[in-house]
Engineer: 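First the structure, which I've put down as structure tokens, then a few questions once you've had a look.
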Number of protein chains: 2
Amino acid sequence: MAAISEAGIDLIFQYGFPSTTLRMVAKKVGMQAGSLYNYFEDKQSFLYQIMKRSRQDLLEELDRKLTGNSDPVRALKAFIEVHIEFYTERSKEMFIGRMELRGLTDEQFRDINALRDRYEWQFTSILENGRRTGDFIVDDIRLTTYAILAMLTDISTWYRPRGRMTKGQLIEYYTNLVFRILRCERPDATGGSDKPAD
Amino acid sequence: MAAISEAGIDLIFQYGFPSTTLRMVAKKVGMQAGSLYNYFEDKQSFLYQIMKRSRQDLLEELDRKLTGNSDPVRALKAFIEVHIEFYTERSKEMFIGRMELRGLTDEQFRDINALRDRYEWQFTSILENGRRTGDFIVDDIRLTTYAILAMLTDISTWYRPRGRMTKGQLIEYYTNLVFRILRCERPDATGGSDKPAD
DNA sequence: CCTACCGATCGGTAGG
DNA sequence: CCTACCGATCGGTAGG
């Protein structure tokens, strides 16, 4: 199943979901098209599985890195790091997750959307915490959430592993931009060198 | 032809290009499918026409609003205004322009991409001017271009005409975010009330 | 997991 | 701009 998913991700990323035929997937893993139906009910469910898996993994990864971080500045830094790491490491899946939502049934769409909302809400609550503590200056929480997430997500559309910047430099640069948006001047805000004492 | 394009835009926006059949387009404008071939060579060219038109209109609109604006702060404000106006007013086309690039031939893709590059370059040169005059504080021009354009373009994915904010408020809010990113503190930077004397 | 197949649909064309 | 049509392909299934 792992090989089938991987083949599906590659092909859907390259050709889009409607133009990816099950015969292409089958050929890539050395099977006959009909045999794929032992692994999913229909073509739509295959797409749904791929999207659900990546969204769930993202949420789990975020939970792991966010636990015990009650300080909004530290939490925000962790969020940005997780986001950029995940969206560059698994860029094809996250790309599919944005482009192929129309390929789902209404019910599947609602389900995936709920996962996306949970993720977005995590970010929003960090902003709210930071505003309460006075670390961030935010006027409209919702618009600011949209703006920052769009900025961070876009990285996956152009990022290449052998680019002129390391992933660490990228994270540092975008962290700086985000803190500028929030007018956060705390000395530990953007620098990536200081180890938090936990 | 205008009706055919409009029907195509609506359908491609809703179902995606590969899933939009020429029979659907024909039905929407009260024609037979075969008759559409009097208006374009093949399905791909139809998509190409739609994309090219919107990209060209955007560039023309930008040129119109940018001429004679040598001051980087004023130019940036004009750019943001044009961008948000266009991406909300013609959101379906701009959505298609980002989602359906795979539907083009290599040659068509390069052509559309060139138009996109010209637009991006306009923004980049405003940033460079502002850095030279000292109005903007920018470290990496390219990353900052990507980040800001992604932020602004994202608006078209959630904007609804009857939302809680007017388009003017939206422009003002995002203008403020952009100037924060650039650490631009000039008094006329974000306020939308002061009429430029030209 | 394979063979063999079906019904449906689609882009595109001929000829008018 | 229509009628009529073709070749190709696709998702999905039966039966093993």
Side-chain angles (χ1 to χ4, degrees), chain A residues 1-53 92-93 96-97 99-109 111-112, chain B residues 1-53 92-93 96-97 99-109 111-112:
Chain A
M1 183 62 215
I4 299 174
S5 282
E6 198 183 336
I9 290 167
D10 285 346
L11 289 166
I12 295 170
F13 174 76
Q14 185 172 3
Y15 301 104
F17 179 65
S19 303
T20 297
T21 71
L22 294 179
R23 283 163 174 82
M24 292 163 71
V25 177
K27 189 177 179 183
K28 195 154 189 171
V29 295
M31 275 191 190
Q32 295 302 313
S35 307
L36 290 173
Y37 285 86
N38 292 307
Y39 297 91
F40 45 76
E41 272 196 15
D42 51 27
K43 201 190 172 196
Q44 284 187 314
S45 306
F46 182 45
L47 176 63
Y48 172 69
Q49 279 177 29
I50 290 172
M51 287 193 180
K52 179 139 194 171
R53 167 59 75 93
K92 288 181 185 176
E93 285 161 272
I96 292 171
M99 305 289 275
E100 308 297 349
L101 289 168
R102 286 178 295 211
L104 302 173
T105 66
D106 287 350
E107 194 188 347
Q108 290 168 337
F109 176 78
D111 194 60
I112 297 294
Chain B
M1 184 63 215
I4 298 174
S5 281
E6 198 183 336
I9 290 166
D10 286 344
L11 289 166
I12 295 169
F13 174 76
Q14 185 172 3
Y15 301 103
F17 180 65
S19 303
T20 297
T21 70
L22 294 179
R23 285 164 174 81
M24 292 163 69
V25 177
K27 189 177 179 183
K28 196 155 189 171
V29 295
M31 275 190 190
Q32 294 303 313
S35 307
L36 291 173
Y37 285 85
N38 292 308
Y39 297 91
F40 44 76
E41 272 196 14
D42 51 26
K43 202 190 172 195
Q44 285 187 313
S45 306
F46 183 44
L47 175 63
Y48 172 69
Q49 279 177 29
I50 290 172
M51 287 193 180
K52 179 139 195 171
R53 166 61 72 95
K92 289 180 184 176
E93 286 161 272
I96 291 170
M99 305 290 275
E100 308 297 348
L101 289 168
R102 286 178 295 211
L104 303 172
T105 65
D106 287 350
E107 193 188 348
Q108 290 168 337
F109 176 78
D111 194 59
I112 297 294

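Given the structure is predicted, the values throughout are model-derived calculations rather than measurements. In the text below, chain A, chain B and the rest are named by the order of the sequence lines, each starting its count at 1.
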Engineer: Within 45° of the six-membered ring axis of Y37(B) and under 6.0 Å from that ring's centre, is NZ or CZ of K43(B) located there?
Structural biologist: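 No, K43(B) does not sit over the ring of Y37(B).
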
Engineer: Does a donor on one side chain sit under 3.5 Å from an acceptor on the other, for S35(B) and N38(B)?
Structural biologist: no

Engineer: Once you round it to whole Å, what is the distance between P of dT3(C) and CG of L36(A)?
Structural biologist: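 It is 14 Å, rounded to the nearest whole Å.
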
Engineer: Let's see if you can work this out: which of dC2(C), dT3(D), dG11(D) has an atom nearest to the side-chain heavy atoms of Q32(B)?
Structural biologist: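 The answer is dT3(D).
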
Engineer: Please work out if T20(A) contacts a base, only the sugar-phosphate, or nothing of the nucleic acid, heavy-atom cut-off 4.0 Å.
Structural biologist: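 The residue T20(A) makes sugar-phosphate contact but no base contact.
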
Engineer: Could you measure the distance from the CZ atom of R53(A) to the CD1 atom of I9(A)? Nearest 0.5 Å is fine.
Structural biologist: 9.0 Å

Engineer: Please give the nucleotide sitting opposite dG16(C) as a Watson-Crick or G-U wobble pair, both distances under 3.5 Å, or none.
Structural biologist: dC1(D)

Engineer: Rounded off to whole Å, could you give me the NZ-to-P distance for the K43(B) and dA8(D) pair?
Structural biologist: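 So the NZ-P distance, K43(B) to dA8(D), works out to 19 Å.
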
Engineer: Step by step, work out the side-chain contact (heavy atoms from CB on, under 4.5 Å) result for Q44(B) and L104(B).
Structural biologist: CA-CA 6 Å; Q44(B) 285 187 313; L104(B) 303 172; 5.9 Å; no

Engineer: Closest nucleotide of DNA chain D for T21(A) versus for E41(A): which of these residues is on the 5' side?
Structural biologist: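 This one resolves to T21(A).
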
Engineer: In whole angstrom, what separates Q44(B)'s CD from dC10(C)'s P?
Structural biologist: 17 Å

Engineer: Can you measure Y37(A) atom OH to dC10(D) atom P for me and round it to whole angstrom units?
Structural biologist: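 The distance from OH of Y37(A) to P of dC10(D) comes to 12 Å, rounded to the nearest Å.
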
Engineer: Provide, to the nearest angstrom, the distance between the CG atom belonging to N38(A) and the P atom belonging to dG12(D).
Structural biologist: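 For the pair N38(A) CG and dG12(D) P, the rounded distance is 14 Å.
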
Engineer: Within this structure, what is the CZ-to-P distance between F40(B) and dT13(C), rounded to whole angstrom?
Structural biologist: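 Computing the F40(B):CZ to dT13(C):P distance gives 12 Å.
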
Engineer: How long is the line joining CG of L22(B) and P of dG11(C), in whole Å?
Structural biologist: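 Going from CG in L22(B) over to P in dG11(C) covers 5 Å.
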
Engineer: Roughly how far, to the nearest 0.5 Å, is CD1 of I4(A) from CG of L36(A)?
Structural biologist: 5.5 Å

Engineer: Please determine, for the side chain of M31(B), which listed nucleotide (dG12(D), dC2(D), dG11(C)) has the closest atom?
Structural biologist: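 Nearest to the side-chain atoms of M31(B), counting from C-beta on, is dC2(D).
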
Engineer: Could you state the atom-to-atom distance from CD1 of I12(B) to P of dG11(C) in whole Å?
Structural biologist: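 Rounded to whole Å, this separation is 11 Å.
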
Engineer: Which of the following nucleotides, dT13(D), dG11(C), dC5(C), is nearest to the side chain of R23(A)?
Structural biologist: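 From the listed options, dC5(C) comes nearest.
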
